[in-house]
Structures are given as C-alpha cells and as structure tokens.
Amino acid sequence: MAGNSHGHTPAAWTGVTIAFIGFCIAGAFVVLAEPLGMFAGLIVAGLGGIVGMAMRAAGLGKDTKASAHG
C-alpha cells in the first residue's frame with residue numbers, strides 16, 4: 001500500500017486522528033462506567049469521519065479520477 005500513497009492526505013490524517021481521539025474518550029468513559037461520556041466519545045469518533053469526508057470534498061483528499069488504475 002505504501003507504493004500507491006494510500007491514505008497519505010490531510011483529509012485522511014485529520015479524520016483518523018479525530019476518530020482515534022473519540023475512541024480514546026469513549027474507552028476512558030467505559031472504564032469509568034459513565035455512559036454519557038462514552039456516547040460523547042462515539043459522537044466525536046463519528047465526527048472524524050464527517051470531517052474527513054468534508055475535507056476530501058474540499059479538495060484535500062486523494063483525487064479518485066487521477067488515481068484510478070486501468
């Protein structure tokens with residue numbers, strides 16, 4: 001995968017980083033037995049995907065037409 005630069009874009013890095021932070025928040029609140037905090041962390045994780053897609057739509061992701069093989 002390293003040969004085709006898969007996921008090496010600002011949109012991918014930002015989306016994954018936000019999702020990772022959200023899962024860390026959710027995991028901490030699971031251990032603390034606080035359901036509201038867990039759900040808040042899952043919402044943050046979901047926002048990571050939304051932010052990644054928005055950044056890709058804004059042109060900060062990989063160009064799918066130029067990267068298509070065939």
Checklist entry - For F20, which fellow cluster members are found when Ile, Leu, Val, Met, Phe, Trp and Tyr are connected by side-chain heavy-atom distances below 4.5 angstrom, either directly or through intermediates? => result none
Item to check | Hydrophobic cluster (4.5 angstrom, side-chain heavy atoms) - remaining members for L32 | outcome: I21, F23, I25, F29, V30, M38, F39, L42
Checklist outcome for this item: All heavy atoms of P10 vs all of L60, minimum pair found to be CD-O, 3.3 Å
Item to check | Contacts of type side chain to side chain contact (heavy atoms under 4.5 Å, CB included), residue V51, not counting sequence neighbours | outcome: T14, I18, M55
Checklist outcome for this item: When rounded to the nearest 0.5 Å, the distance separating CZ of R56 from NZ of K62 is 12.0 Å
